[in-house]
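The structure under discussion appears below in the form of structure tokens.
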Amino acid sequence: MRELRSEEPLQRPRTAYLLLLPFFVFFVVFWLVPLLGGLRMSFYSNELYGTSRFVGGDHYRALLADPRYFKALRNTALYAAYSIGCILPLAVLLAHLLQSAWRSIRPFLTFLLLLPALTPPAVLALLFLLVFHGREGLLNQLIVLPLGFKAVNWLKDPSFILPALVLQTVWRWTGFITLFVLAGMDGIPRVLYDAARMSTESRWHLFRTVTYPFLKPVLVFSAVYLMVDAFSLFSGAYVLLGGSGGTADAGLVLVSYIYQQAFTFGKFGTASAISLSVAPFLLLALALCFLRVRRS
Amino acid sequence: MKETPSSTGHAEGTGRPFRAGPLLALMGLTLVSLVFVYPFAWMFFASFKENRQIFSPLKLWPGHFGGQYYGQLFSGEWIPFVRVFGNSLLIASAQAVGAVAVTSLAGYAFAKHRFPMRRMLFVVSLVVIVLPQQALAISLFTWLDALHLSNRLAGVILPGVASGLGILYFTQVFRQVPDDYVHLARMAGASEFRVYTTLLPMLASPLLSFGLVQFILAWHEHLIPMLVLSAADQQTLPLALASLYGSSLRFPFAVLMAGSTLTLIPTVLLFALLHRRFKSSLSELLVH
């Protein structure tokens with residue numbers, strides 16, 4: 001074995017490029033070309049076929065003066081932040097509970113927790129139409145009214161639309177992220193806990209000194225995943241709010257705004273400018289996340 | 001966590017980190033699972049109810065179980081259910097197989113070869129993760145139209161094949177394969193493609209796990225099929241169900257709930273079958 005290893009690594013670039021070829025064909029045709037096409041579209045006027053002309057940065061400048069764009073941006077960012085802020089702590093807590101409970105029931109419980117993630121978001125949104133439905137909805141009947149509050153009109157009241165979207169997302173992803181965190185926690189060597197327990201029995205201290213540093217990469221990955229998912233939120237908002245932004249645009253998110261601009265108003269240039277305007281922020285966020293993991 | 005004989009001998013409360021007492025944990029978990037499961041139970045039972053009963057969600061149990069709404073679903077009275085179910089199944093399977101094949105091949109190259117611009121190409125292919133198809137939907141839509149792929153299932157299948165997540169995952173997976181295996185196969189005179197295929201059987205779990213994830217993602221996709229497939233009999237299952245809602249106030253909601261219930265079957269079935277493999281490849285990935 002030793003002798004074999006010494007003569008490598010393999011230096012045959014041509015073979016390697018050949019192996020990469022299929023991926024990059026798909027990459028170029030279905031990702032790079034649409035990206036460049038979108039970029040071009042965002043610099044041309046809004047007529048779709050033939051007659052459009054070069055307008056430079058006009059669409060981007062118009063966005064800067066468009067309150068609805070900022071509303072959508074703000075809603076999406078808030079939605080992402082709230083969802084991640086709810087899901088990660090909940091998932092860590094649930095993973096702890098799963099680790100403490102008897103091992104034999106784990107598969108069954110994880111399956112139940114995963115059920116929402118296995119459901120298509122469009123179907124989930126249909127289900128949540130009934131959960132959030134006016135007075136008769138599940139949430140009102142089961143929780144809001146029994147607790148003595150007035151029934152909330154989840155999908156019409158502007159102050160509850162975004163929380164409703166967040167609630168749906170938390171419900172959808174918490175189980176899946178829990179599974180992830182649990183797998184990460186199972187990989188932490190027990191000795192570390194034994195060592196840390198020499199100095200303290202405080203659970204919070206054990207969590208901070210042992211569990212958290214080990215889980216950090218998993219949590220960062222989960223946060224990135226959830227953030228990308230949040231920025232491509234479409235199905236939930238589209239089905240729940242019927243393609244509009246909801247009352248007073250309280251539920252207007254980026255993808256539905258893009259969709260609206262393109263297919264309701266036919267402004268393909270504006271729509272492309274919106275999609276591309278977010279890309280640098282997402283890239284930056286991703287780069288920051290990876291850098292932090294790399295450092296620790 | 002590995003359960004060693006000595007650790008089970010420990011007194012409760014010190015055997016494991018954060019032992020809240022299994023019973024307490026179980027109670028908490030039962031409560032949480034109820035929250036997760038109740039809407040599904042409701043969906044299932046609603047597929048037997050009349051509209052009037054559906055909107056009193058506290059009465060879970062339907063008066064009687066009759067299959068008439070499932071019958072209406074299959075007869076195609078409201079949507080071409082069998083057809084769209086088949087479409088979705090075809091799209092999700094084809095995309096899963098395609099993505100696994102293409103990204104595992106690339107992952108092998110990234111992990112086991114040294115070549116100029118390796119890092120650059122790797123990073124470039126990861127950018128796909130941050131800028132998903134949905135963000136490029138508008139221009140993707142016009143481009144697919146130019147390629148004569150609109151209103152074809154291929155127009156939905158192909159764009160999902162170039163998965164950045166797949167590149168990240170399979171590069172990691174192939175990195176964990178000992179170099180010796182690769183060298184042995186190369187010494188035996190195998191071509192690089194042959195080396196790759198001989199490694200596949202030992203990677204069955206990660207391959208199937210990623211296939212499962214890709215299947216689920218494709219099964220769930222809403223925006224791209226909605227833009228690309230406009231003909232009624234070319235739609236996918238989530239699309240058809242979403243369009244059913246709001247089509248008319250008179251139609252029986254139970255049909256929608258029946259369709260939604262059946263939507264769950266493929267993903268749940270696949271997950272149940274591959275559960276063990278999925279868990280092992282997940283911890284494999286996180287531990288190393």
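Quick caveat: nothing in here was measured; it's all calculated off a predicted structure.
- With hydrogens and angles left out, the side-chain atoms of A/Tyr44 and A/Ser272 include no donor and acceptor closer than 3.5 Å.
- Only the backbone of B/Ser163 comes within less than 4.5 Å of a heavy atom in chain A; its side chain stays farther off.
- Residue contact with chain A, scored on non-hydrogen atoms closer than 4.5 Å, involves the side chain of B/Leu227 exclusively.
- Per-residue counts of heavy-atom pairs under 4.5 Å with chain A were compared for B/Leu158, B/Val32, B/Thr263, B/Thr267; the largest is that of B/Leu158.
- Relative ring orientation between A/Tyr259 and A/Phe263 is described as tilted, the plane-to-plane angle lying within the 30° to 60° band.
- Seen from the ring of A/Tyr193, A/Arg197 does not count as a face-on cation partner, given the 6.0 Å and 45° thresholds.
- Of the listed residues (B/Arg118, B/Met117, B/Met257, B/Met226), the one with the most heavy-atom contacts under 4.5 Å to chain A is B/Met226.
- With a 4.5 angstrom heavy-atom cutoff, A/Phe214 does not touch chain B via any of its atoms.
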Per-pair distances, 0.1 Å, donor-acceptor, side chain in residues 108-132 of chain A, under 3.5 Å, sequence neighbours excluded:
{"residue": "A/Thr110", "atom": "OG1", "partner": "A/Arg106", "partner atom": "O", "Å": "2.9"}
{"residue": "A/Thr110", "atom": "OG1", "partner": "A/Pro107", "partner atom": "O", "Å": "2.8"}
{"residue": "A/Thr119", "atom": "OG1", "partner": "A/Leu115", "partner atom": "O", "Å": "2.9"}

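- The most heavy-atom pairs under 4.5 Å with chain A, out of B/Thr103, B/Leu144, B/Leu147, B/Leu140, come from B/Leu140.
- The only option from B/Phe170, B/Phe174, B/Phe193, B/Tyr181 that meets the ring-ring contact (aromatic ring centres under 6.0 Å, His included) definition with B/Tyr108 turns out to be B/Phe174.
- For the set B/Val128, B/Leu237, B/Leu217, the count of heavy-atom pairs under 4.5 angstrom toward chain A peaks at B/Val128.
- Ring geometry for B/Phe110 versus A/Phe24: interplanar angle over 60°, hence perpendicular rather than tilted (30 to 60°).
- Neither the backbone nor the side chain of B/Phe122 comes within contact range of chain A; no heavy atom of the residue lies under 4.5 Å from a heavy atom of that chain.
- Ranked by non-hydrogen atom pairs under 4.5 Å with chain A, the options B/Gly160, B/Pro39, B/Ser33, B/Ala109 are led by B/Pro39.
- Both the backbone and the side chain of B/Leu105 come within contact range of chain A, judged by heavy atoms closer than 4.5 Å.
- For a residue to count as touching a neighbouring chain, one of its non-hydrogen atoms must lie under 4.5 Å from one of that chain's; by this rule B/Ile167 touches chain A with the side chain only.
- The shortest heavy-atom contact between B/Ser104 and B/Ala101 is OG-O, 3.2 Å.
- Proximity to chain A (any heavy atom under 4.5 Å) is shown, for B/Leu212, by neither the backbone nor the side chain.
- Contacts between B/Val127 and chain A at a heavy-atom distance below 4.5 Å involve backbone atoms as well as side-chain atoms.
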